[in-house]
2 protein chains.
Amino acid sequence: MTATPTPRVTIKDVAARAGVSKGAVSLAFNHKPGLSEATRDRIFRAARELGWAPNLTARTLAGSRVDVVGLAVCRPARMLGLEPWYMEFVSGVESVLAEHSCSLLLRLVRSLDEEVGVQAAWWRGRQIGGSILVDFRADDPRVDLVERLGLPVVAVGHPSLTGGLTSVWTDDATAVTEAVRYLAALGHRRIARVGGAADLGHTSIRTAAFDEAAGALAPAGAWQVATDFSGDAGARATRSLLTAAPPDRPTAIVYDNDIMAVAGLSVAAEMGLRVPQDVSLLAWDDSQLCRLTHPTLSAMSHDVHGFGAEVARTLFSVITGSGEAESHPVPTPVLTPRGSTAPPGIRV
Amino acid sequence: MTATPTPRVTIKDVAARAGVSKGAVSLAFNHKPGLSEATRDRIFRAARELGWAPNLTARTLAGSRVDVVGLAVCRPARMLGLEPWYMEFVSGVESVLAEHSCSLLLRLVRSLDEEVGVQAAWWRGRQIGGSILVDFRADDPRVDLVERLGLPVVAVGHPSLTGGLTSVWTDDATAVTEAVRYLAALGHRRIARVGGAADLGHTSIRTAAFDEAAGALAPAGAWQVATDFSGDAGARATRSLLTAAPPDRPTAIVYDNDIMAVAGLSVAAEMGLRVPQDVSLLAWDDSQLCRLTHPTLSAMSHDVHGFGAEVARTLFSVITGSGEAESHPVPTPVLTPRGSTAPPGIRV
DNA sequence: CCGCACTCCTAAACCGGTGTAGTGACGAGT
DNA sequence: ACTCGTCACTACACCGGTTTAGGAGTGCGG
């Protein structure tokens, strides 16, 4: 373990080698005017020879931009691991951050209050240049916090939840409606929905949209259950929905994520119900998981990676204040039919 | 958007309010000797009243500890989203970091070379105080890098892969052997293994262990396939294993992660084979997913969250140099039998 | 009464950059 | 010949902490 004491090379060394002042090096590396091409070249050459790159810490302290973006996620660890959505989202965010040599500061928090504290501390301490806010609730305290702090953020959520914050969202209401329409078109008249955590804003939106759509299109019955997104909860919900005698039992179930749909599939099997003949199942998000079950899961499908990338891009325009940081939706999830949905009552 | 210009409160303000010098405040907040209890109290009171907390950036620049830990993950985004292991691991790491008010700098990289660059840049730029290294390969370039840099790290991987680095690992060889023994004890004589990415060190270890164990215990046949950990690859591998006519077909398959086992389950169903009657399936890691399938998946089970926590704890002792930063294994995965394994050939 | 050790605290020099005011040189305008 | 303006660059004060060397006050032995 010969821990060679890394020979720290600083801006001063580069300046000396290029025969200029620190200031000149700084100007060169920030692509600011006031330097001749010749000097600029000389500086870059010296830097390359010394293997120098500006120290982000010092740069931050000196008051310029911060090259770190914050993301605090507030969901129990158990659920996170299984929710493919997050990692896909993060990887989408990263893909854009990397282009700007920007890093992601990630924190798992246990409550919204803790997140509020973390975001405030990060911002006050100049740890981050901006933040991505996810999982909005009704009357979310982060809306106020952000305005009080002046923290540049992009809110992931429908504008009705995110106050005046710049937001990027998926149009869940339309997607839910499309899901219900599809099932109704197949002939289903008794439709259920296994929703996510009730306190999450997008859950309410989906719930309301389902109410409306199913009220009109599923005259024989519409049910909704709130869960915590976990597979176990999805299994429980499915079990209770399917134990009713046939006339009171839904013939189709929409899930709020893939995991619960997988769990639902397994419950159906365990109860001796065939999918899709006896009951149709529709997943949400459409991760790879949907193609790994038997039957494969029909799903409301969207590009989560691309969503993350778009959020990151928007955050950059918020941070740089480059005007075009408008709130906007990303493409609405589209229905991808697979093996788990069919007209009701079919015996193949 | 009334961006209130946050009133930055610095150490100077606290010092002024407490009637002492900046240095005194610094001493107090770092719990260093040289201050009377009275003064100390006065300082803390002033800080509390002003809502001040030391600025990490400045603190870092001034050469003291860095409260950020790096983690670069090198796997394609598609796979990451589905691999429950990572998020669970990260959440375990976080749980310990949080206790030390330390953050996680996360980066998804596309190659080992890129990771080497990222780690070097982070360390040279004092962005991190230490790093967690995962997914070791044979002759991993990070071993040298770390020693050259003097970067404090904990390597997640068997010592045979991680050179002299402090490492924490799961004893995969023993676990694989146990898995094979269990299947053999059930009566299986033709056993296959669907492994992960061949270039990963822990895959080789498992492969070798399987070779040895299955060579002895599965005289009628032992197969191994390398994949990329994705469900699709798992499905393909399973399909090709199961298409052989019965005498050349394995009666039990061990998978290197849960996703592939789920995929395998679906392939078996699609081919009309019953699990576990016609073929037994054994998953690895034992995320919630294993309890969401039908039949439920038997698995080699371990506490990934706890693993992450232990890695973080070890990293802290490496960073502080508090002697006891010894390499050590965490508990070996244990067999958790569920519905997907049974003696071969049983017709229920 | 002086020297000495010890405690408690301050001033000032850092850390590695950024921003700004200011300097010298050079060309143009009159 | 004397301004005036630009251009290219430097010197130096920051950012918000940490860390030293050292000073003022106190207690104690000789």
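Per chain, numbering begins at 1; letters A, B, ... match sequence-line order. What you see is a predicted model, and the numbers here were worked out from it, not measured in a lab. Values below: every heavy atom of this structure, side chains too, minus hydrogens, waters and symmetry copies.
Remark: the Thr39(A) side chain and the Ser36(A) side chain contain an N/O donor-acceptor pair separated by less than 3.5 Å. Between the side chains of Ser317(B) and Thr314(B), no donor-acceptor pair of N or O atoms lies under 3.5 Å.
Using a 4.0 Å cutoff to heavy atoms of chain B, the contacted part of DNA chain C runs 5' to 3' from dC8(C) to dG16(C).
How far CG of Leu108(B) is from OG of Ser91(A): 6.0 Å, rounded to the nearest 0.5 Å.
Put simply, the side chain of Glu310(B) never gets that close to the backbone of Gly306(B): no donor and acceptor are under 3.5 Å apart.
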Exercise for review: Classify every nucleotide of nucleotides 13-27 of chain D by which part a protein heavy atom approaches to under 4.0 Å, writing B for the base, S for the sugar-phosphate alone and - for neither, in 5'-to-3' order.
Suggested key: --BBBBB--------
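Backbone-only contact: Thr39(B) has heavy atoms under 4.0 Å from sugar-phosphate atoms and none from a base.
Contact check for Phe136(A) versus His202(A): no side-chain heavy atoms found under the 4.5 Å cut-off. The closest side-chain heavy-atom distance from Trp122(B) to Val68(B) is not below 4.5 Å.
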Check your understanding: Could you walk me through whether Phe29(A) and Trp52(A) pass the ring-ring contact (aromatic ring centres under 6.0 Å, His included) check?
Key -> CA-CA 11 Å; Phe29(A) 266 77; Trp52(A) 177 82; 4.8 Å; yes
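In this structure, Pro33(A) and Arg40(A) approach most closely via the heavy-atom pair CA-NH2, 4.0 Å.
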